[in-house]
Every structure is written in C-alpha cells, then in structure tokens.
Amino acid sequence: MTGPRTIIQKIWQNQAIERPGKPDLLYIDLHFVHEVSSPQAFDGLRDTGRPVRRPELTMATEDHNVPTDTLLLNDPVSRLQVETLRRNCEEFGIELKRLGEAGQGIVHIIGPETGLTQPGMTIVCGDSHTSTHGALGALAFGIGTSEVEHVLATQTLPQTKPKTMAVTVTGRLPEGVASKDLALALIAQVGTGGGQGHIVEYRGEAIRALSIEARMSLCNMSIEWGARAGLVAPDETTFDYLRGRPYAPTGEDWEAAVDGWRQLASDEGAVFDREVTIDASTLSPFVTWGTNPGQGVPLDDSVPDPAEIGDPEEREAAARALAYMGLEPNTRMRDIAVDTVFIGSCTNSRIEDLRIAADVLRGRSIADGLRLLVVPGSMRVKQQAEDEHLDDVFLAAGAQWRGAGCSMCLGMNPDVVGPRERTASTSNRNFEGRQGPGARTHLVSPAVAAATAVTGRLTSPADLPERSRTESRWS
Amino acid sequence: MQPFTVHTGVGVPLRLSNVDTDQILPSKYLKRVTRSGYEDALFAAWRQSPDFVLNDAAFAGASVLVTGPDFGTGSSREVAVWALQDYGFRAVIAPRFGDIFRTNAGKSGLVAVELAEPLVLRLWELLDASPGSSLTVDLERNVVEAGNDFTEPFTLDEYTRWRLLNGLDDIAITLESEGDIAVFEQQRSPLKPRVGSRR
C-alpha cells in the first residue's frame, strides 16, 4: 500500500503474514492470560499435543475471581480455576503473577506499568478490555477462549482487515472533567454499536493533553461502544511514561525504539473509513442511568422519560432499564442516593485515579451507612499509593482499602453488590447483574465517585462545600 | 468442530436489543474450567421469570434464536456461545452482533447470521403468529427461510463460512503456514520485549 497511512494500517502491515485466499495472520507480540478465559484453551493444547509456541511472549496473572481482602481462596470453584492456571503456567512455562505477589494485578494494569506494553505492538488477551493497552499506541484487542488457544499454539490470529475510524476530540476538557466522562459522553452519542467492526484512533488536541493513564481509561471503554480496539498515537507523553520502566529498552536501544515509534503516527492526509468529532470543551461530568453504557447523561441532567423517546426500540429499552434500576423518569441525577461506591477496575484503578479520589476525600468523611471500596489495580499501584499515604486518606474517610484485583467490577469474586443495592462505580459496565444479581450500577469517574461517597448522592467535587484550610492541605 | 451445512429447527423470538454476554451467561458460571455443560447457565437470571420466552412451552426445543441488534456485546466470554450451543441452539439471527461474540461463534460452530432489522421484525411476527414453527439456516446457499414467503440472503465472511461448512480446525489451518510464521519471527525487531527479560 502506498500513500498516506493511518497508524492502524501501519501496525497492521508490520504484523501481517499474508496467505493467498485466506485472511492475514496477524503476529501477536504479547499475549496476556488470566484464570477465567484460559483453562479450556490449555486443555485444547493438551488434547492436540501442541506446545505454547512462544512462552516468553506470554504473561499470566490472577485477577478476575480473586478476593481483595484476603490471600485465601475460600470459594472452592474459584480456587480450582486459579489452581488450574497455576498448573497450566507451570506445565507450559509461562510467567505467572500470583495473588499477593508484588507484580500481581489486573492484567490491563500490569502490562503498561511494567513497560511490557509498548507502541506499535499487537497485544491480545481473553478479556474485552484489552483495548486499554491502546493508550500507548499498541493495537490491542480482546479475544475468546478459542482464540486464546490459537495464539498460544501459533502466536498469530487469522484476521480480516479492520475498518478504521478517527475520533477527533477538539478543544480541552474543562477542569474537573475526566477522560471517563469523555468516554461516557461519546458512547451516549454514538450508541453501544457505534464502533462495531472498527479500530479507532483517538486524536485531537484534547487527547494530546491527556496523561497516559487518562488515555487508558478512554481506550479501555472502546469495547463499550462496539469498537474492536482503540488507540492513541505515541507522542512525548508516551515516551516520558515508558522511559525507565522495567521492560522499556535502555541506552541505544531506547533511542532506536523511540525513532521507530515516532514513525507510527497517522500520516497527514490518511483516510479513515469513518470519522467522529467531539468538542471536549462542551463536556461536563457524565453518569449513566440505565443498563448499558450508552444510557448516560450529564450529571446536571435528569433521568430521561421513556415516553419522550421517539425511537420505539430505544423507548422500550429505556423503560426496561428504568424498571431494573428502580428509577422514576425526570428524577434529577443529583437526587439519586447510592448505597455503595466502588473505585477500582481496569478502567479507573491506577495511581492517578487514586490521587484524584484521595484529593476529594482528604479531610472529609463518607456518608453514614455508605460502603466505599477503594481497590488498586495492581500491587505496584497499592505500594505507590501507600508510599504517598493515600491509604491513610481513604481509611480516615471511612473507606475500605483493598488488595489488587478486578473486585466489584464483575460480580465473580467476593466483592459484590447486593440485589437492588445501588452503586456508583468507576468500572466500565452497568449491565443487569454485572456487579451482582439485581445490582444497580451508575458508571462514574473517580472524582464523581469520591464526591458521591461523601454526600451519599450522585455528586461532583464542585458541589461539595469548601473544606477548612487545615483539612484540605496534603497530609 | 461439527460441520454446519443446512439446519432447520424451531425459531424463538427474543425481542430485545443490547443483549450483552453478562445476560447470556452470568459471571458466576464463568468460574468453571470445563468446556461443556452450560445449558443451565444460559440466560440464568432471565429464566427465573416465568414470562421469559425460553420458558414458553410453545418454543420448546428451539434451535434458532432470533433477536435484536447488538446481541453478544460486552465481555469476551466464549462460554456465552458454548451455553447457547449446550442448550441446543445452532444459529442466532440478529441485525448486529458484538465483534468478539461473532468471532467466538464462528470458532465454535454456532452460526451468527446478520439480517437487517426489518427482516428480523418480520421473523418475530412470523414466529409469534405460529409459535413452534421452524426456520431454516442454509449455509450452502447463504439464505434464511421461514414459511412459504420468507427467503432472505445473508453474508458470512468466506473464510468462516468455509470452515463451518467443513468443520475445520482453525489452528491446524494456521499451522500450515508455520514456515511463514518462522520467517516472520526471524525478521521481527529484537527491541520488542520478552517476558522475563526485564532489567
């Protein structure tokens, strides 16, 4: 292919092995494995006598079903799944980060923080939020268990060429508006199927201004509007983030790597199959009211009235969502009271997220009777937070400070939300039953989550009364 | 994988959009390490309601699910596909699928048929008018047939269609290119990280 190319086409061309009459094989640079989507894949290898082709391009961790308040796997079904992963990694020679170890954490947190995730790489994992790694300019996407087995056996995946999309975010996000708010606003605009079949490049002034961790929250949510993957072209922010991390190249190798990474950005004039533009300066904190991530509104707004929705299918979906959520039409979002607040998940459990939450909670207390879980995404994040004494802030405010894992995001470990219990959550999905059977989820940013914990109602930090001077200073 | 050529079976209308994989297979069933036996887990939360369409005796033995747009969005869990198959489904018809779900279906032998929304609406009306009636998904001719006056074409990517028709193992096909993969690996940048090599 000649002429200007997108970053997506460049990475594709670098990684594709062409086969006549069949889809390209995409060579996979890095494969993350966890306990939930891998056991049947390893069984498949054993059944067919196939080895893992490149164990050194494979990294495993325990994150989805592990508890965050103990190192004991008390649930026998979860324990069997984790022990199965341990046996499989031992048998096939794969490095595993076990519960409680220093390197353990959510798969999409540990890749970037160790520098394993680098620009231009192809990265897969049996988890739909693998798009998180796109924040560093990698082409990263989630796969199913059959594909996990395929990558273990061949280090490749048959892939048809994707369609490309540019999401251009102009202007700057206003103070107090996070990339999570941008993601929720984008999904509300384009719908949960809006990106289906596409790989997305997020670009524009607002994206350039985001930190790598904020870019991760945005790329993480790509799957929630149907995109196969989302990425941001590497820039100086990317190089500054990676420099000095354990797996980052050093010395001359670093210079050579950065030279290569600079070539990845989409060429001037490169054409995308679709383009979407959003003006960041018009955005404000965003929250969901329904049971899919596209059912959201600005915090300033109210629960919509299904009777006023024109499209019959959307109207029916909204009515069904309100019945599940136990919400009345036209209720102000700020009047919605919650029982639980969850700060964590691969969307928002990095050190910046915890600093933002701690800034809101410092010198304040959570509302009476409310439960606040703060769950760092990895043991490294936990250590960093404790070095900065953020744990003291959370504990003083009345929060629970936990170990690393997926925790309350997905209802498959001991951290669950009860039936009809309402939660403000920094995670990525508000599906029916996602955080536990009957649980009612409102997706929010870390800042809104922390402020909500203080008042017990959906709240932004700007709504909170001023703290006294002594309360608000850094401890 | 069992080949799929032509399948005729009872169709069941699931009149919902955005049926995510957490609904198809709630996460508590994700803790198992087995490849089969998930029929009890399929739509487990919704099946507790007597009004749920799969609890309607008129659709007993259904093997073709006809549902709304964005079916199988969300989590990558392939167990959602296996649960549909374990329950007895051979094909799902919807206007649009989640990408990972559609890929998983193709790997496991469940046929994901995309039909435009008006056609799905017509199928829903047909199935509601005569519950228990059959649909045919013909992968050899790429058509869906129902009753006397519904014959509509669909497209499936040629590679997946070929594998499904012949019940072929995707990994074995890829390993036919082992030589090309090895050549690629020799030319791959040595700067890329290897797990365990960190400073």
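As the structure is a computational prediction, the values presented were derived from the model and not from experiment. The sequence lines fix the lettering, A, B, ..., with proteins before strands; numbering per chain opens at 1. Keep in mind that the numbers below use all heavy atoms, side chains included, and drop hydrogens, waters and symmetry copies.
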statement: Looking only at B:Glu178, B:Arg15, B:Lys28, most heavy-atom pairs under 4.5 Å shared with chain A are made by B:Glu178

A:Arg228 with B:Asp99: basic N within carboxylate O range, under 4.0 Å: no

query: Is it the side chain or the backbone of A:Glu314 that comes within 4.5 Å of chain B heavy atoms, both, or neither?
result: neither

query: Looking only at atom types and distance, does a side-chain atom of A:Glu316 sit under 3.5 Å from a main-chain N or O of B:Leu16, one as donor and one as acceptor?
result: no

- line: Of B:Gly74, B:Ala45, B:Pro69, the largest count of non-hydrogen pairs under 4.5 angstrom with chain A goes to B:Gly74

statement: Between A:Tyr247 and B:Gly196, the two heavy atoms sitting closest are OH-N, 2.7 Å

- prompt: To the nearest 0.5 Å, how far apart are CZ in B:Phe184 and CG in A:Asn14?
  reply: 7.5 Å

query: Can you name the nearest heavy-atom pair linking A:Ala256 to B:Leu191, along with the distance?
result: CB-CD1, 3.9 Å

- prompt: Is it the side chain or the backbone of B:Ala80 that comes within 4.5 Å of chain A heavy atoms, both, or neither?
  reply: neither

- prompt: Is it true that a side-chain atom of A:Gln81 and a backbone atom of B:Val33 form a donor plus acceptor pair closer than 3.5 Å?
  reply: no

message: So for A:Arg434, is it side chain, backbone, both, or neither that comes closer than 4.5 Å to the heavy atoms of chain B?
response: both

task: Drop me the distance from A:Glu432's CD to B:Trp46's CH2, to the nearest 0.5 angstrom.
output: 5.5 Å

- prompt: Which bit of A:Asp75 is near chain B, if near means a heavy-atom gap under 4.5 Å: side chain, backbone, both or neither?
  reply: side chain

message: Donor-acceptor check, side chain of A:Glu313 to backbone of B:Ser17, threshold 3.5 angstrom: yes or no?
response: no

- prompt: Heavy-atom distance under 4.5 Å between the side chains of A:Pro158 and B:Thr174, does that happen here?
  reply: yes

query: Taking C-beta and beyond as the side chain, do B:Lys192 and A:Gln118 meet within less than 4.5 Å on heavy atoms?
result: no

Inter-residue atom distance B:Asp70.CG - A:Asn292.CG, 0.5 Å rounding: 8.5 Å

Atom group of A:Leu30 that falls short of 4.5 Å from chain B, counting heavy atoms: side chain

message: Before you tell me yes or no, could you show the steps for A:Ile143 and B:Ser76 under side chain to side chain contact (heavy atoms under 4.5 Å, CB included), namely the whole-Å CA-CA distance, both residues' side-chain angles and the distance that decides it to 0.1 Å?
response: CA-CA 6 Å; A:Ile143 58 178; B:Ser76 63; over 6 Å; no

message: Quick check on the interface: out of B:Thr21, B:Asp22, B:Asp169, B:Asn104, who has the most heavy-atom pairs with chain A under 4.5 Å?
response: B:Asp22

- request: State, with a plain yes or no, whether a side-chain heavy atom of B:Ser108 is found less than 4.5 Å away from one of A:Ser146.
  value: yes

query: Between B:Ile173 and chain A, which part of the residue has a heavy atom less than 4.5 Å away: side chain, backbone, both or neither?
result: both

query: Which answer fits B:Ser75, side chain, backbone, both or neither, if we ask what part of it has an atom under 4.5 Å from a heavy atom of chain A?
result: both

- prompt: Side chains of A:Ser37 and B:Glu78: does their closest heavy-atom pair fall under 4.5 Å?
  reply: no

- prompt: Judged by atom type as modelled, is there a donor-acceptor pair below 3.5 Å linking the side chain of A:Glu56 to the main-chain atoms of B:Arg194?
  reply: no

Part of A:Thr145 within contact of chain B (heavy atom distance under 4.5 Å): both

- prompt: Non-hydrogen atoms of chain A under 4.5 Å away: do they reach the side chain of B:Thr103, the backbone, both or neither?
  reply: side chain

- request: Can you tell which part of B:Arg188 gets under 4.5 Å to a heavy atom of chain A, answering side chain, backbone, both or neither?
  value: side chain

statement: Interatomic distance, CZ@B:Arg35 vs CD@A:Gln40, rounded to 0.5 Å, equals 7.5 Å

field: Salt bridge flag under 4.0 Å for residues B:Glu185 and A:Arg53
entry: yes

- request: Tell me, for B:Glu158 versus chain A, whether the close heavy atoms (under 4.5 Å) come from the side chain, the backbone, both or neither.
  value: neither

query: In Å and rounded to the nearest 0.5 Å, what is the CZ to CG distance from A:Arg19 to B:Asp180?
result: 9.5 Å

message: Donor-acceptor check, side chain of A:Glu95 to backbone of B:Val195, threshold 3.5 angstrom: yes or no?
response: no

message: How long is the straight-line distance from CG of B:Leu175 back to CZ of A:Arg50, given to the nearest 0.5 Å?
response: 5.5 Å

- request: Measure distances from A:Thr154 to the heavy atoms of chain B and classify the residue's part below 4.5 Å as side chain, backbone, both or neither.
  value: both

message: At a 4.5 Å cut-off on heavy atoms, which part of A:Thr130 comes close to chain B: side chain, backbone, both, or neither?
response: neither

- request: For each of A:Ser78, A:Gly433, A:Gly120, tally heavy-atom pairs with chain B at distances under 4.5 Å, and name the one with the top tally.
  value: A:Ser78

message: Evaluate A:His150 against B:Asp170 for side chain to side chain contact (heavy atoms under 4.5 Å, CB included), listing each step before the verdict.
response: CA-CA 8 Å; A:His150 199 121; B:Asp170 208 13; 3.7 Å; yes

message: Taking side chain as everything from C-beta outward and backbone as N, CA, C, O, which of these in B:Ser189 sits under 4.5 Å from a heavy atom of chain A? Side chain, backbone, both or neither.
response: neither

message: Looking at chain B, which one of A:Asp29, A:Thr192, A:Thr58 has the largest number of heavy-atom pairs inside 4.5 Å, strictly under?
response: A:Asp29

message: At a 4.5 Å cut-off on heavy atoms, which part of B:Ala105 comes close to chain A: side chain, backbone, both, or neither?
response: neither

field: Residue B:Arg77 versus chain A: region with a heavy atom under 4.5 Å
entry: side chain

statement: Whatever's closer than 4.5 Å to a heavy atom in chain A on B:Pro190 counts as neither

query: Of all heavy-atom pairs between A:Leu25 and B:Ser177, which one has the smallest distance, and what is that distance?
result: CD1-CB, 3.9 Å

query: Do A:Glu149 and B:Ile171 touch side chain to side chain, with heavy atoms closer than 4.5 Å?
result: yes

field: Heavy-atom pair count under 4.5 Å with chain A, highest-scoring of B:Val79, B:Thr73, B:Thr34, B:Val183
entry: B:Thr34

